[in-house]
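These values consider heavy atoms only, across backbone and side chains, with no hydrogens, waters or symmetry-generated copies.
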Amino acid sequence: MPELPEVETVANGVDARIRGDYIEEVWFSSKREPMNTPPAAMAKALTGRTIERVRRVGKHIVFDFAPDAKSDPVQWIVHLGMTGRLLVADPAVPRPLHTHGVLVLRSGRELRFVDARRFGRMGIYLVEDTKEEAADLRGFQGPGTEPLRISRADFRKLFHGRRTSIKAALLNQSLLHGVGNIYADESLFRAKIRPRRMASRLTTRELDRLHGAVQTVLREAIRLGGSSVSDYVDAAGERGFFQLRHYVYMRTSQPCLVCGTAIRRTVVAGRGTHYCPVCQR
DNA sequence: CATGTTTCCTGACAGC
DNA sequence: TGCTGTCAGGAAACAT
């Protein structure tokens with residue numbers, strides 16, 4: 001599923017392919033449940049714009065457009081949910097099943113939004129502030145911090161007094177943006193912490209290990225193009241490689257790569273959770 | 001307010 | 001073979 005590294009890979013891939021391109025025509029399926037904009041209004045808002053940049057903010061993909069004297073400055077925000085894909089494709093290639101949106105581009109290519117399970121969301125947001133950092137945090141993105149930018153001290157504070165499992169806290173997007181089920185499990189393994197431990201009971205030393213582990217895991221995953229466990233592919237339809245580096249995620253009953261003990265699976269915070277009972281305390 | 005639970009949705013897969 | 005049932009999960013909505 002798309003988490004921070006996958007979303008970053010998709011955003012970078014889309015950016016590399018269609019930056020500077022012009023949106024000639026837009027279609028959205030009426031089945032699509034938009035984040036904040038009805039399909040027809042979203043199509044109207046996008047048609048005739050020039051794509052200036054595509055980037056990741058949290059688990060969202062943000063499309064910035066070149067200034068346009070005729071209309072208000074807006075951003076198009078896409079969240080891939082579980083199975084959402086953004087694909088840059090040749091129009092001659094048949095549109096896949098569950099294609100819910102298509103942007104026809106002047107370069108002759110199409111940007112397609114494909115989403116089997118329809119957990120993805122998208123919408124148009126006004127850019128209220130010309131400052132980029134401020135724009136990042138308005139409208140579509142709630143409170144919370146980028147895990148790759150947070151300091152050790154601020155990371156400790158996030159979990160202070162949280163009477164919930166550390167796994168639930170890591171998944172909570174109003175604390176940290178972009179960590180999902182795969183990277184929560186992988187980070188906790190590398191920090192040697194059991195997913196069910198209460199966040200407020202972790203020692204400073206453990207929180208510092210976790211801070212380092214989260215950043216290392218996310219950076220490494222970005223470098224390898226994300227994890228392709230089931231559905232995930234990048235903007236060109238290619239799979240990532242980080243699933244080959246997983247220590248615990250979807251490795252139930254297989255030997256721990258560090259100590260050889262069988263990896264266990266339980267449910268924590270309503271999510272399938274994988275850990276090594278020996279390495280993680 | 002903080003935290004836990006349910007819901008949305010379809011493909012994949014187990015079992016009969 | 002083909003049917004039915006179960007599971008996967010991000011995040012909003014709802015309940016405690």
Side-chain angles (χ1 to χ4, degrees), chain A residues 1-11 28-37 56-62 77-86 95-101 113-123 125 137 139-147 157-188 195-202 218 221 226-233 239-240 243 246 248-253 263-275:
Chain A
M1 65 233 78
E3 303 178 27
L4 188 151
E6 291 77 28
V7 177
E8 173 129 349
T9 304
V10 170
F28 286 113
S29 126
S30 52
K31 266 189 189 173
R32 186 103 293 289
E33 278 184 36
M35 204 182 273
N36 76 336
T37 318
R56 176 193 67 78
V57 175
K59 286 185 198 172
H60 300 270
I61 296 168
V62 178
I77 310 299
V78 177
H79 192 299
L80 300 174
M82 281 282 298
T83 53
R85 298 176 173 190
L86 274 180
R95 291 176 186 175
L97 194 64
H98 306 300
T99 298
H100 295 294
F113 180 74
V114 182
D115 187 10
R117 253 169 262 187
R118 291 200 269 140
F119 281 14
R121 294 286 180 267
M122 55 181 65
Y125 285 82
L137 295 170
F140 67 94
Q141 186 79 280
T145 314
E146 275 289 327
K157 282 183 207 155
L158 282 185
F159 305 104
H160 187 77
R162 295 264 154 207
R163 306 180 68 78
T164 185
S165 67
I166 185 61
K167 164 120 183 192
L170 281 174
L171 293 176
N172 185 345
Q173 300 298 302
S174 61
L175 298 178
L176 221 47
H177 290 162
V179 178
N181 208 33
I182 296 172
Y183 300 103
D185 281 7
E186 291 299 318
S187 298
L188 286 167
R196 240 190 262 277
R197 292 271 305 282
M198 192 179 283
S200 59
R201 296 254 174 92
L202 295 182
L218 293 176
S227 300
S228 291
V229 175
S230 50
D231 297 272
Y232 167 73
V233 292
R239 290 164 59 84
Q243 67 279 7
H246 289 180
V248 289
Y249 187 78
M250 292 297 267
R251 294 198 63 248
T252 310
S253 302
I263 297 301
R264 284 192 194 159
R265 182 185 184 283
T266 58
V267 175
V268 179
R271 298 283 171 266
T273 296
H274 315 76
Y275 69 98

Please report, rounded to the nearest Å, how far the C1' atom of B:dT10 is from the CG atom of A:Asp115. 10 Å
Using a 4.5 Å cut-off on heavy atoms from C-beta on, say whether the side chain of A:Val10 contacts that of A:Pro2. no
Below the 4.0 Å mark, does C:dG9 have OP1 or OP2 next to a side-chain nitrogen or oxygen of A:Thr83? no
In terms of side-chain heavy atoms, does A:His100 have a donor or acceptor partner in A:Asp115 at a distance below 3.5 Å? no
Taken to the nearest whole Å, CG/A:Leu175 to P/B:dT3 is 9 Å
Could you tell me the separation between the CZ atom of A:Arg271 and the OG atom of A:Ser165, rounded to the nearest 0.5 Å? 11.5 Å
Donor-acceptor pair under 3.5 Å: do we get one between A:Arg117's side chain and the base of C:dA8? yes
Can you see whether A:Tyr183 engages A:Glu6 through a side-chain donor-acceptor pair at a distance of less than 3.5 angstrom? yes
Over how many whole Å does the gap from A:Arg265 atom CZ to C:dT6 atom P extend? 16 Å
Less than 5.5 Å between centroids and less than 30° between ring planes, does A:Phe119 satisfy that with C:dA11? no
Specify the separation, in whole Å, of atom CG of A:Leu171 and atom P of B:dG4. 12 Å
Rounded to the nearest 0.5 Å, what separates atom CG in A:Leu202 from atom CZ in A:Arg197? 5.0 Å
What is the nucleic acid contact for A:Tyr249, judged by heavy atoms within less than 4.0 Å: base, sugar-phosphate only, or nothing? sugar-phosphate
Rounded to the nearest Å, what distance is computed from the CD atom of residue A:Glu6 to the P atom of nucleotide C:dG10? 11 Å
As a test of reading the structure: which of B:dC9, C:dA11, B:dG4 is closest to the side chain of A:Lys59, going by heavy atoms? C:dA11
In whole angstrom, give the distance that lies between atom CG of A:Asn172 and atom C1' of C:dA12. 13 Å
Once hydrogens and angles are ignored, does a donor-acceptor distance under 3.5 Å link the base of C:dG10 to the side chain of A:Arg271? yes
Spacing between A:Glu3 atom CD and C:dG9 atom P, to the nearest angstrom: 10 Å
Hey, does A:Gly270 reach any base, or is it just sugar-phosphate, or nothing, if we go heavy atoms under 4.0 Å? nothing
For C:dG10 and A:His79 - does any side-chain N or O of the residue sit under 4.0 Å from the phosphate oxygens OP1/OP2? no
What is the distance from NE2 of A:His98 to C1' of B:dC9, rounded to the nearest Å? 10 Å
